[in-house]
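Quick note on labels: first sequence line is chain A, next is B, and so on, each numbered from 1.
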Protein chains: 2
Amino acid sequence: MSRKRIPTIHDVARLAGVSTGTVSRALNARSGVHPVTRQRVMEAVNQLGYVPSVAARELAGRIESVGVMVTPRIWKYSPYFILLFEALSEALWQEGYQLVEVPMSPAGEPLQAAAGYIVLGAHDHDPRLERMSQNHPNSVLVGVHPNMFWVAPDDPGGAYAATQHLLELGHREIAHLGAAGQVGRERFEGYRQALQDYGVPYRPELVLNGAFTILPAYRAVRRAWEGGLRFSGLFAASDEMALGAIAALEDLGLDVPHDVSVVGFDDLPDLERPLTTVRQEIPAIASTAVALLKEAISRTPPRGVRVGVQLVVRETTARKR
Amino acid sequence: MSRKRIPTIHDVARLAGVSTGTVSRALNARSGVHPVTRQRVMEAVNQLGYVPSVAARELAGRIESVGVMVTPRIWKYSPYFILLFEALSEALWQEGYQLVEVPMSPAGEPLQAAAGYIVLGAHDHDPRLERMSQNHPNSVLVGVHPNMFWVAPDDPGGAYAATQHLLELGHREIAHLGAAGQVGRERFEGYRQALQDYGVPYRPELVLNGAFTILPAYRAVRRAWEGGLRFSGLFAASDEMALGAIAALEDLGLDVPHDVSVVGFDDLPDLERPLTTVRQEIPAIASTAVALLKEAISRTPPRGVRVGVQLVVRETTARKR
DNA sequence: CGTAAATTCGTAAACGCTTACAAGAATCCA
DNA sequence: TGGATTCTTGTAAGCGTTTACGAATTTACG
C-alpha cells in the first residue's frame, strides 16, 4: 500500500519540459515568462494536480506564518467570530501569510513561534492581553486596547446611524436591546448620543438586556411588551438579537416593520429575514488587521484603527404610522 | 526599524560549541547524545529563546501538516464545530502533525497541499465530497460518507439511550424535537426504535421540528404546548434545542423536570442549566479522526467509525409523577 | 541586415532542519 | 596493553521552493 508521491515542482518542470525556476515564475510572477510556456506549465500543473508545498515556500521566504490565537469561550459569540476567522485566513493568504491556529497558554503565551500574532475574542481586561502587549509587540488585537495594535469596527458610529435612521423615520419611542461588555457599552453610547442630538429624552426603561444571542433577546422583548412597555422602533445590538426581537413581536401578533421597526447590527449573511442593519465589513476588518500586523512585525509603535460601518436599509424598518 | 533575526539551529550550535546535527539530536532524540553536551545545548536554547522552525521541520520530513477544510455556513451549527476544531488541533499536534486551515475551492479542491485533509461540516450530499473522495483518498470526513474515511458519533445509539432513560423514568408521552439532515434523521431513528422496543406506540404529532438551534426550538415547543399537545418527556436533538424547549416550558409556567423531563444531545460545556444529555466525546472524535487520517495517508481502503456516546443524567429529568 | 535592447529561461545557491554515514573517543574484557 | 565494542559527534546531502545572475533568444530599429 505504497503512498503516492506528492508531485513537486520538479515533476511539473519535467512534464512541461522547462526548468523549475520557470515553473516557479509561471506560478508566482506576473511577467517574465512567455505566455505559451506559462500555458504549458499550467497544463502540467493541472494534469499532475500539483499544489505548492507551503513549508517549502515558507522556508524559501515567500510566505510567513502568523498565529491566530482564539480565546476559549469565543463560541458563545460565534457566527461573527467564525466569519472573522475565515476572512482573516483569506486576507493573510493574500498577503503571503499562512494562518496557523496557535493555542494560548493559560499565562497568555503563544505555544508556537510565528512571524506575528492576531488575537481574537479576549475579554475586556484580560490579563493575558497585558502579557501579549509586553512580550509580543508583533501582535494585533481585534478589539480595543491602549498599548497594542488593534482594529475594531466603529461601534458607536454604527449605533448612532441605526438610531438616527429610526429617528428620521419619525419614531420617538425607540427601545434598545443591549448587551454587556465593551462592545455593548459602545453601541449603547451611540444610541444615547443620537437620541440626545435629536432632542428625544432618554428613558432608561426602554433599554432591555439581552446577551448578543437570540433567545435572551426574544424573552426580554416578549416579557417587556407583555409587561406593557411600548415602542415603535427598536435598535438591537446584534443581528441575532434583532431576529429574536422580531420573532417575539410576531409571536405577539405584531407586524414588523409596520407596528415596530427593528434595526440590527453586524449584517450576518443568510439570515431568514432581510434585516435593516449596520453592516460590519468583516473583510475590511480582517485586511486592516493584516495591514497592522505588517506594521507590528516591523516594530512600529502601536496604533488602533476603527473600521467604518454602514447602514443597510432593508425590510424591517418603516416610517412611523 | 530592523527586525530582530530569529535564532536558528546554527546560532544555537555556535553558542553551545557543537554542530547543528548534535543540536538537532539533543532536541529530538532520546539518546545518542552525551548528557553534558545536551545540557550545554539546552542552555544555549534558553539563552537565545530558540524555537524550531515548523516549516523547516516539515520540509525535512519530521512533521507533516494536515489541512482542515471547513465548509462555509458551518457557523450555523457552531458551538459544536468550534469545539471540534480545537480538539482536532490538539489531537493532531500530539501526533506530530500541524493543523493548517485550508480553504476549499468552490469546486471542492483544497487550495493548499497537505499530507492529509480533514473535512468538517459539509452537507449530506455535497458534490464537493464526491470530489474529495475521488481525488483525495488521504482525507477524512467528520460525518458519514460511503466511500471515504469517516468518523461520526453514535447518533442512533445516543438517541436510543436518551429515550430509554425517559422510558425507564416512567414517561409514556415522549415528544421529540428533531431537525433535518442526516444527523437529525439518525437521532430520530434512535428515538423511534426505543419507543418500539418498549412497546410505546409512536405518535407522529409528538415529533416537533426545530433546526438544531435554540429559538426555533423554543417556538416549536411553546406553540405545540399552547396548541394543546401534552407530553411529560422530551428528547431534543441537541443541547441548544433542549435549552430552547426548557425556556419555552418555563415561560409557560411549567417546571422542568417535574412537569416535563428534558434530555438533550451533545453535552456542550458551560450551559446555563445542568442538562441531562447525551455526551459526545469530542476529543475522542478528534483523535479517531486523526487515527483514520493516518490510515488514509497510507492508502488503506476507507472505513468509517462510530464513536461511542454516553448518557449523562443531570437535573432536567425526573421520574414521572 | 546588423547591432542594441528587451525578453525569456536555465543554473545554482539559499532557506532551517533531520538523519545516514563515517570518524573519533571512550569503554570493556581478556 | 591491545583489540573489539559501544558512544558520541561532525559532515554533508536532501527536503521543495524562490530568486539573483547570466546566457540565450527574440524583438526593435536604423
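With contacts defined as side-chain heavy-atom distances shorter than 4.5 Å, the pair Leu293(B)/Leu92(B) qualifies. Considering only heavy atoms from C-beta on, Met132(A) stays 4.5 Å or farther from His145(A) through its side chain.
Gly32(B) comes within 4.0 angstrom of a base, heavy atoms only. Counting any heavy atom pair closer than 4.0 Å across all strands shown, Thr8(B) reaches sugar-phosphate atoms only and no base atom. Among the heavy atoms of the strands, none lies under 4.0 Å from Val23(A). Here Gly61(B) lies out of heavy-atom contact (under 4.0 Å) with every strand.
For Val33(A), counting side-chain heavy atoms from C-beta on, the closest listed nucleotide (dC9(C), dG16(D), dT19(C)) is dC9(C). With dG10(D), dT19(C), dT18(D) as the candidates, the nucleotide lying closest to the side chain of Val18(B) is dG10(D).
Separating the NE2 atom of His10(A) from the C1' atom of dA12(C) is a distance of 11 Å, rounded to the nearest angstrom. Following rounding to the nearest Å, Asn28(B) (CG) and dG16(C) (P) show an atom-to-atom distance of 17 Å. One can place CD of Gln98(A) at 14 Å from C1' of dT17(D), the figure rounded to the nearest angstrom. Taking atom CZ of Arg57(B) as the reference point, atom P of dC17(C) lies 9 Å away to the nearest angstrom. When rounded to the nearest whole Å, the span between NE2 of His34(A) and C1' of dA6(C) equals 14 Å. Residue Leu27(A) contributes atom CG, which lies 14 Å from atom P of dC9(C) at whole-angstrom precision. Residue Glu64(B) contributes atom CD, which lies 14 Å from atom C1' of dG16(D) at whole-angstrom precision. The distance from atom CD of Glu58(B) to atom C1' of dC17(C) is 12 Å, rounded to the nearest whole Å.
Judged by distance alone, the side chains of Gln134(A) and Glu130(A) never bring a donor and an acceptor atom under 3.5 Å apart.
At least one donor-acceptor pair under 3.5 Å links the side chain of Arg38(B) to the backbone N or O of Ala26(B). A donor-acceptor pair under 3.5 Å is absent between the side-chain atoms of Asn46(A) and the main chain of Glu43(A), judged by distance alone. No donor-acceptor distance shorter than 3.5 angstrom exists from the side chain of Asp266(A) to the backbone of Leu268(A), with no hydrogens or angles considered. In this structure a side-chain-to-backbone donor-acceptor pair under 3.5 Å is present from Arg306(A) to Pro153(A). Listed for the Asp239(A) side chain is a donor-acceptor partner under 3.5 Å among the backbone atoms of Asp267(A).
A heavy atom lying under 4.0 Å from DNA chain C marks the following residues of residues 35-43 of chain A, by number: Thr37(A).
An OP1 or OP2 oxygen of dG10(D) is reached within less than 4.0 angstrom by a side-chain nitrogen or oxygen of Ser19(B). Dashed line: the shortest gap from a side-chain N or O of Ser53(B) to OP1 or OP2 of dG16(C) is not under 4.0 Å. Using a 4.0 Å cut-off, no side-chain N or O of Arg25(A) falls inside it from OP1 or OP2 of dT8(C).
Comparing Leu59(B) and Thr22(B) by the nucleotide of DNA chain C that holds the closest heavy atom to each, the one mapping nearer the 5' end is Leu59(B).
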